[in-house]
Amino acid sequence: MKASEWEECFRRRFLPSWTRWKQNSWRETFTKVLHRVWHRSHTSCTTDESWTKYVVLNRSGSANELEAASRSFNSLVIFNEMKLQNNLAHLETRIRLVVSFQDVRIIALGVLNRPRTSLTVNRNARILLHPPGVEGCENRRISDDDASVNNSPETSSDQMHGNYGAPRFQPAYDRLTHPLPSHSHRNYPFYTSGGGDKRWIGSGSFEEEGLDWVGGLMLTAQLVGPHTRDSSAGPLALQDVDLVVGPGRSQFASFTWQDLLVIAPWMEEMITKFINGQGLGI
């Protein structure tokens, strides 16, 4: 294949931030990264990536790109510490699969609650998981011929932004192709029927049982191995703790600003401040 075709293969398969591994030709880069992903998903070796980056959406509207040692990286441990710092340790951790790709899937860890005041509500957490104007209903499928969609002007503020006001803009969405989602999320960011797309539960006033996302929302990239997608029995399979506990669910890769703004470009207008490393944003 031509160099441009190898580049297309790379960008369709891998997260955009992984272009940092390119040193020579696109063909060599593609094969090396493919082997790297296989090696990381089958072993605990972290010599090629000592630090794993992740993103936190703060309730204030800002966001932080943080990192932790890859050898001991544990999304639940990190998020439990976040909960402790924000006086949310008594609340259950809720986990959602944002989107799944061939080699990696993006996981969000947060907390749902019925707060006494809207000041603790994380509006951006809901907007990331439930793009304004996109509904998760089996009877409102998007056809494979649709390339993009605009929000209807009749969309209510409740649908657009919870009960706390609508976004300042009317975003347009294009089906994600670079990287290309797995079949379970083939229509992303639109809803994909079939049971794999569980970014939010319910709809309207019954969405998430009427609860709101509070505190910070952690976003990380989980490497997909041979058993990562194996689900446990029960109605909540591949949801919450089942997403990060069990065989093939302990290996992670870096998730950066570049990756966030590719899988959720509408968030660029919603995040008030991008903070590299620790900083005010709680």
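Worth knowing before you read on, the calculation uses all heavy atoms, side chains too, and leaves out hydrogens, waters and symmetry mates.
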[X] side chain vs [Y] backbone, donor-acceptor pair below 3.5 Å:
X: Tyr191; Y: Arg199; result: no
X: Arg71; Y: Cys45; result: no
X: Glu28; Y: Lys22; result: no
X: Thr31; Y: Arg27; result: yes

- Are Ser41 and Val224 close enough that some pair of their side-chain heavy atoms sits under 4.5 Å apart? no
Q) Would you call Glu81 and Lys83 a salt bridge, taking side-chain N to carboxylate O under 4.0 Å as the test? A)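 Salt bridge flag = no for Lys83 with Glu81.
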Please determine whether a side-chain nitrogen of the Lys or Arg among Arg126 and Asp212 lies less than 4.0 Å from a carboxylate oxygen of the Asp or Glu.
no
With the 4.5 Å side-chain cut-off for hydrophobic clustering, are Leu129 and Val262 part of the same group? yes
Query - Ring centers of Phe255, Tyr54 separated by less than 6.0 Å - result: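 No - the distance between ring centres of Phe255 and Tyr54 does not fall below the 6.0 Å cut-off.
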So, for Leu128 and Trp266, which heavy atoms are closest and what is the spacing to 0.1 Å?
->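 In this case the closest contact between Leu128 and Trp266 is O-CZ2, 3.7 Å.
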Practice problem: Grab the two heavy atoms, one from Val121 and one from Pro115, that are nearest each other, plus how far apart they are. | Solution: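 Scanning both residues completely, I find the closest heavy atoms to be CG2-CG, 3.7 Å.
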Drop me the distance from [X]'s [atom1] to [Y]'s [atom2], to the nearest 0.5 angstrom.
X: Gln251; Y: Thr46; atom1: CD; atom2: OG1; answer: 9.0 Å
X: Arg59; Y: Asn86; atom1: CZ; atom2: CG; answer: 7.0 Å
X: Trp200; Y: Glu207; atom1: CH2; atom2: CD; answer: 7.5 Å

Please check if any side-chain donor atom of [X] sits under 3.5 Å from a side-chain acceptor atom of [Y], or the reverse.
X: Ser254; Y: Glu49; result: yes
X: Ser184; Y: Ser182; result: no
X: Asn64; Y: Asn58; result: yes
X: Glu208; Y: His130; result: no
X: Asn276; Y: Trp257; result: yes

| query | Mind checking whether Phe190 and Tyr173 have parallel, tilted or perpendicular rings, split at 30° and 60°? | reply |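 Ring orientation of Phe190 relative to Tyr173: perpendicular.
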Over 60° means perpendicular and under 30° means parallel, so classify the ring planes of Trp6 and Phe30, tilted if in between. tilted
> Does a sphere of radius 6.0 Å around NE2 in His90 hold more than 12 heavy atoms from other residues, nucleotides or ligands, not counting ones at 6.0 Å or beyond?
Replying inline: yes
- Exceeds 12 heavy-atom contacts within 6.0 angstrom, atom CZ of Arg36: yes
